[in-house]
Amino acid sequence: MKGLFITFEGIDGGGKTTQLALAAKWLREQGYEVVESREPGGTPLAERVRELVLDPSLPLTTTTQMLLYLAARSEHVDKLLRPSVEAGKIVLCDRFSDSTLVYQGLSQGKSLEELALLRNLCSFASAGMAPDLTLVFDGRPEVLVRRRAARGVSDRYELQGLDFQQALRKGFLALAEAEPERLQLIDAEGSQEQVAASVQQAISALLHGEK
Ligand code: TMP
């Protein structure tokens, strides 16, 4: 039996990483074999790329960043994601191609139409592997970023401020509108329990063929 590939997306501070761990626990309790991973990362080489690309002391052009994310993705798909799904596991991945389309595309002023090249590159890097379901954690940036800052986390993207986070949110919402079958919005401003319930509902619908 083929497994499932579910990605968790959204602006920084939306709680997707915590929710991914909760969803993995919930699925394991039901007897599913679950793989948790993240992008950039998920293999030793891709984790090394992550260190480089998220290091604020190394200023990179958008193109260099994009190519590093794609190199990490190609490795991740080949070594972990595809073999896991083919082995019948449920793979939960923190970010994937939609992040590239938003962070290196839409938030950089590119229109949906101009994303064609970026989409092709993403498809090349993932050798056509696409999520069965993408949960987009959505909320007002000022609320979500404050939450993350309270935990003392910062990286190059968050340092770019609220306007940038607004542009990211707009980008994810545009992707969700363009592909409502795959991308499902999750209200990230609720309590951890409320958000977890929405996540479980969305995954259950996929598991039981209601989607
Ligand atoms: P994280 O903080 O959610 O783990 O993600 C790391 C950062 O990497 C996040 O700010 C978004 C960024 N990113 C991109 O810009 N493009 C990509 O393709 C991916 C996967 C992540």
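FYI, side chains are in, hydrogens and waters are out, and symmetry mates aren't considered; it's all heavy atoms of this structure. Numbering of ligands and ligand atoms starts at 1, following listing order.
Every atom of ligand 1 is numbered from 1 in the order shown, and the set under 4.0 Å from a heavy atom of Glu39 is 20 (C). Each of the following atoms of ligand 1 lies closer than 4.0 Å to a heavy atom of Thr100: 17 (C), 18 (O). Remark: ligand 1 atoms within the under-4.0 Å shell around heavy atoms of Leu54 are 6 (C), 7 (C), 8 (O). Distances below 4.0 Å separate heavy atoms of Gln104 from the following atoms of ligand 1: 14 (C), 15 (O), 16 (N), 17 (C), 18 (O). The distance from ligand 1 to the heavy atoms of Lys16 drops below 4.0 Å at these ligand atoms: 3 (O).
No chain of hydrophobic side-chain contacts below 4.5 Å, direct or via other Ile, Leu, Val, Met, Phe, Trp or Tyr residues, connects Leu22 to Val199. Residues Leu92 and Val77 fall into different hydrophobic clusters, defined by Ile, Leu, Val, Met, Phe, Trp and Tyr side chains chained together at heavy-atom separations under 4.5 Å.
With a 4.0 Å cut-off on non-hydrogen atoms, Val53 does not touch ligand 1 at all. The part of Arg73 lying near ligand 1 is the side chain, judged by heavy-atom distances below 4.0 Å.
Distance check, rounded to the nearest 0.5 Å: CD of Glu47 to CD of Glu75 gives 10.5 Å. Note that the NZ atom of Lys110 and the CG atom of Leu117 stand 8.5 Å from one another [nearest 0.5 Å].
Using a 4.0 angstrom heavy-atom cutoff, Met66 does not count as in contact with ligand 1.
No side-chain N or O of Tyr69 forms a donor-acceptor pair with one of Arg95 less than 3.5 Å apart. Using modelled atom types, one finds a donor on one side chain and an acceptor on the other under 3.5 Å when comparing Arg182 with Thr134.
Ligand 1 has an N or O atom lying under 3.5 Å from an N or O atom of Arg95, backbone or side chain.
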Could you walk me through whether Phe96 and Phe5 satisfy the ring-ring contact (aromatic ring centres under 6.0 Å, His included) test, starting with their C-alpha distance in whole Å, then the side-chain angles of each, then the deciding distance to 0.1 Å, before giving a yes or no? CA-CA 11 Å; Phe96 196 64; Phe5 180 36; 4.9 Å; yes
